[in-house]
2 protein chains.
Amino acid sequence: MSTISKENYLKTIFNNSIDSGSNATATKLANDLSVSTAAITDMAKKLSEEGLVTYEKYRGMELTSSGEKAALKIIRRHRLWELFLKEVLEMSWSEVHDEAEKLEHHTSEFLIDKIDMYLNYPDFDPHGHPIPRKNGTIPKTPNVMPLSQGEKGMFCEFVRVNDKDSELIDYLAKVGFILNSKFEVVDKLAFDKSLSIKFNNKILSLSKKITESIFIRLVKN
Amino acid sequence: MSTISKENYLKTIFNNSIDSGSNATATKLANDLSVSTAAITDMAKKLSEEGLVTYEKYRGMELTSSGEKAALKIIRRHRLWELFLKEVLEMSWSEVHDEAEKLEHHTSEFLIDKIDMYLNYPDFDPHGHPIPRKNGTIPKTPNVMPLSQGEKGMFCEFVRVNDKDSELIDYLAKVGFILNSKFEVVDKLAFDKSLSIKFNNKILSLSKKITESIFIRLVKN
DNA sequence: GAATAAAGTTAAGCTTGCTTAAATAAAAAA
DNA sequence: TTTTTTATTTAAGCAAGCTTAACTTTATTC
Ligand SMILES: [Mn+2]
Ligand SMILES: [Mn+2]
Ligand SMILES: [Mn+2]
Ligand SMILES: [Mn+2]
């Protein structure tokens, strides 16, 4: 049976495999979900009994195709809610994530499809993440890379930001560096790997920690 | 601490006291909440320890003022969600209740106030129930009475319907008998207490069970 | 005012999703 | 390869919110 907790596990396992490529480890999941590793082991057994993940002791977990399908359903709800709250109810970029984190578990298929239709079947959420479609496909993302890999002289577009930390997003909004901003990398310090970028004729210096949470694509020019 | 279960208990206790006047009995609550009476006794102790209800063994429960405040918060969320889902997302009269039943427990004060503003601070939900305001007051309801108390010759307006059973609401929508319909009671059978009403030049016969779920006010003419 | 029926409470136990502490396996270092 | 460190699992236990079954109180009927 599906529960809030299980839905969160599936979602986290999915996101983990997206950006690590390999199996989700207990330590990483425990950290992301703010529970003990013992809790992870516990849940691994349950999810694997339900055929949602494959699990071998000491070898981590991986979503099965049915587990992935379930994960995408939750992620779809999450991202559609985020966009809806921002576009329709004018909540800010930084507020929508926490609210969506709750609503995603209490939304019928019928309702989420209404929201999807209302928004005219959007492809991306307010942070630039692709919104899984009803049929399970995922909109193609541009050729993204973390800004931390940017080099002096590059012309880029800001296409995605990590939405887990609202303080960062608030800061970026405050200085006017928002999604789809075009900018140039004007400097990169070897000392601390911080970057200086130029947009709207402003210069902004961003620490390595920040540039790792911002994703960009190269603008061809 | 507030939990989904406690919120549902408080709401149910409140609604019970509204239409029974007296204390909420274990049997009634158990029935409304679909749990055993043992569960009610259990929760009675917890809620009374938290100061949300007064409880004396074998004497039922009653909301304290802080319990009532908490109940109104949930009811406010429920009814605002119902109206929002109907007006904005075009869900039907009969579908919104079940959806709101879930969303009401996962909506921040900030979000519900946004919804309230979006709807321009409405006074009534789609079923004619008053929406508690942010400050805790409740919109005045017209002088309502159950249609079952109607008599031949009365001219009435349909102002409220019990939203717990979606089949009834669907039926009423299908025959076009919707909120704010004006009608005349053209007959009342002593045999089964059923009523015949006339609206839009149609005659509709309603059983006693149905007329007890429909609330009206007398139209002065 | 007994006897009976109905309502409410207590006791014991279950499931979910956690925890901490101890044990064990795997990986890294020496 | 042996030792040490790190990661994972197991074991025991807790809180919430239920259940059923047995028991007690209150209400109703004669
Ligand atoms: Mn998010
Ligand atoms: Mn979540
Ligand atoms: Mn309702
Ligand atoms: Mn509810």
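Predicted model only: the values in this text are computed from it and were never measured. So you know, we letter chains A, B, ... as the sequences are listed, proteins then strands, and number each from 1.
- Applying the ring-ring contact (aromatic ring centres under 6.0 Å, His included) rule to pairs touching residues 60-80 of chain A yields A/His78-A/His97, sequence neighbours excluded.
- In this structure, A/Lys45 reaches the sugar-phosphate backbone alone: every heavy-atom distance under 4.0 Å involves primed, P, OP1 or OP2 atoms, never a base.
- Qualifying salt bridge (charged side-chain N to carboxylate O under 4.0 Å, His left out) partners for B/Glu56, counting only residues two or more places apart in sequence or in other chains: none.
- Residues in residues 119-135 of chain A take part in these side chain to side chain donor-acceptor pair (under 3.5 Å) pairs, two or more places apart or across chains: A/Glu82-A/His127, A/Glu109-A/Lys134, A/Asp113-A/Lys134, A/Arg133-A/Thr137, A/Asn135-A/Thr137.
- Close to C/dT19, at under 4.0 Å from its OP1 or OP2, lies a side-chain N or O of A/Ser36.
- Annotation: ring pair (Phe, Tyr, Trp, His ring centres under 6.0 Å) contacts of A/Tyr118 (sequence neighbours excluded): A/Phe84.
- With sequence neighbours excluded, the residues forming a side chain to side chain donor-acceptor pair (under 3.5 Å) with B/Ser92 are B/Ser94, B/Glu95, listed by chain and number.
- The ring pair (Phe, Tyr, Trp, His ring centres under 6.0 Å) search around B/Phe14 returns none, not counting sequence neighbours.
- Extent of DNA chain D lying under 4.0 Å from chain A heavy atoms, first and last nucleotide in 5' to 3' order, is D/dA7 to D/dT10.
- Residues meeting the salt bridge (charged side-chain N to carboxylate O under 4.0 Å, His left out) test with A/Lys86, sequence neighbours left out: none.
- Contacts of A/Thr37 with the nucleic acid, taken as non-hydrogen atoms under 4.0 Å apart, include base atoms.
- For the side chain to side chain donor-acceptor pair (under 3.5 Å) test, residues two or more places apart in sequence or in another chain that qualify with B/Lys188 are B/Glu151.
- Contact annotation for B/Ala26: backbone-only contact, meaning every heavy-atom pair under 4.0 Å involves sugar-phosphate atoms and none involves a base.
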What's touching nucleotides 14-17 of chain C from the protein side, N or O pairs under 3.5 Å?
{"unit_1": "C/dG17", "atom_1": "OP1", "unit_2": "A/Thr3", "atom_2": "OG1", "d": "2.5"}

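- With respect to the salt-bridge test (charged N to carboxylate O, under 4.0 angstrom), the residues A/Glu104 and A/Arg79 do not qualify.
- Residues satisfying the ring pair (Phe, Tyr, Trp, His ring centres under 6.0 Å) test with B/Tyr58, not counting sequence neighbours, are none.
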Measure all distances between protein nitrogen or oxygen atoms and nitrogen or oxygen atoms of nucleotides 21-29 of chain C, and list the pairs falling under 3.5 Å.
{"unit_1": "C/dA25", "atom_1": "O4'", "unit_2": "A/Tyr58", "atom_2": "OH", "d": "3.3"}

